[in-house]
Protein chains: 2
Amino acid sequence: MLTAIYTAVGELVGEGADRISFPVIAERAGVNPTTLYRRWDDVNALLEEVAVAALTRDGESLPDTGSLEHDLAQWADIIARDITRPERVRYLRAMVSARVDIVSACPVTETRREQASKMVRRARERGEATPTVPQILDHVIAPLYYHVVFALPVDHEYARRLVHDVLTMVR
Amino acid sequence: MLTAIYTAVGELVGEGADRISFPVIAERAGVNPTTLYRRWDDVNALLEEVAVAALTRDGESLPDTGSLEHDLAQWADIIARDITRPERVRYLRAMVSARVDIVSACPVTETRREQASKMVRRARERGEATPTVPQILDHVIAPLYYHVVFALPVDHEYARRLVHDVLTMVR
DNA sequence: TAGCTAAAGCAAAGTTCATTGCTTTTTGTG
DNA sequence: CACAAAAAGCAATGAACTTTGCTTTAGCTA
């Protein structure tokens, strides 16, 4: 039931369907539209629910190359490739247009913060000088996501440049 | 005519109207819905047009303090205060959800790029070492907008920190 | 199992949206 | 001024969305 609905939403978002409404989702999921109308306030609410589930599921293993520079480079590249996938873009946009209060406990940012923390901690234990975790979030993560949601180009070179920049902040 | 439409959209967005459709906008503007349907492809297109007009209208005079550090600090602060206003946030969100196609360049970013270019040029003419314009966009503008659209906190201190960070990139 | 409760389905009705052909008004120019 | 082109209004039509009351099914407990 709920799985079928999530799957339907995922498929529609993935296909880039121009029209994602309760009736459309319901038909795809093989359920009655009324069910959706009764459970969620509007389409965005459902969309965001699915988006959070999809965006926080980190199948990615965190890089551990032995140097923060390479860790960050690989990590930024993984993220860049991930969030530029069409369905990820749509999910991110859905999250943005969704309600403010729910997003504020932004699970996506939290995941990134934890990952950055882990890499920085390992680097410091190795005796490396590192930028701070907030710096990494502000100067690597933020520009990547900013580019995606505002439809600006994101590629390998860009991710690499951001990592290079943040590493110059090490004092 | 066109002014009335823009005004109507502005009011609706400002009020946080849950339902912004052509018929609704038309009624508010005192025009016929057909006019809207014929002129714009869909509501998002109109919404983005108004958003761009509102977001790029720079009544702000560009800081010119005699040092890039202070110019950037004031500039970042002006932007931070501006884009955290509720109606600005709504416009930004509207732009994000409207921007489905990767084709067009983001006018908001363009404005910021021009402003950054001007400040950097002046600084270089004074003989100051400066970060690059893309660096300023990536490490000051991007984090600010990212925080706004993902409902993360933005304040004076944050803007100041970003400017400080980007200035450490000067080689 | 019987019975109670919550969830899902069904169907009908109302509302809003979106499209289209045609008429009217405005605008700009010879 | 007059006329042609563009823009806006009007009205009718169909489609899609939303809501609602009621029925049916599923799940759970005594």
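All values reported here derive from a predicted model rather than from experimental measurement. Just so it is clear: chains get the letters A, B, ... in the order the sequence lines come, proteins before strands, and each one is counted from 1. Both backbone and side-chain heavy atoms feed into the values below; hydrogens, waters and symmetry mates do not.
Residue Arg19(A) comes nearest to Val24(A) through the heavy atom pair O-CG1, 3.8 Å, listed as atom of the first residue, atom of the second, then distance.
As a whole-Å value, the separation of Asp18(B) CG from dC17(D) P is 18 Å. At whole-Å resolution of the value, CZ in Phe22(A) and C1' in dT18(D) are 10 Å apart. Atom CD1 of Ile20(B) is separated from atom C1' of dC17(C) by 15 Å (rounded to the nearest Å). Per the geometry, OH belonging to Tyr37(B) stands 13 Å off C1' belonging to dT20(C), to the nearest Å. Atom CG in Asn32(B) sits roughly 14 Å away from atom C1' in dG21(C) (whole-Å rounding). Distance CH2 (Trp40(B)) to P (dA8(D)): 8 Å, rounded to an integer number of Å. Put simply, CE on Met1(B) is 6 Å from P on dA8(D), counting in whole angstrom units. dA18(C) atom P lies 10 Å from atom CD1 of Ile25(B), rounded to whole Å.
In this structure, Thr34(B) reaches the bases: a heavy-atom distance under 4.0 Å links it to at least one base atom across the strands shown.
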Item checked: Stepwise salt bridge (charged side-chain N to carboxylate O under 4.0 Å, His left out) test for Glu49(A) and Arg39(A) -> CA-CA 12 Å; Glu49(A) 197 173 301; Arg39(A) 186 184 295 234; over 6 Å; no
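Among the nucleotides dA8(D), dA16(D), dC22(D), the one closest to any side-chain atom of Arg19(A) is dA16(D). When the nucleotides dG9(C), dC17(C), dG9(D) are ranked by their closest atom to the side chain of Arg38(A), dG9(C) comes out on top.
Within the 4.5 Å cutoff, the side chain of Trp40(B) has no heavy atoms near those of the Ile25(B) side chain.
Phosphate contact (OP1/OP2 of dG9(C), side-chain N/O of Thr35(A), threshold under 4.0 Å): present.
Within 6.0 Å of the CZ atom in Arg160(A), the count of heavy atoms belonging to other residues, nucleotides or ligands does not exceed 12.
In terms of polar N and O atoms assigned as donor or acceptor, the side chain of Arg39(A) never comes within less than 3.5 Å of the base of dG9(C) in a complementary pairing.
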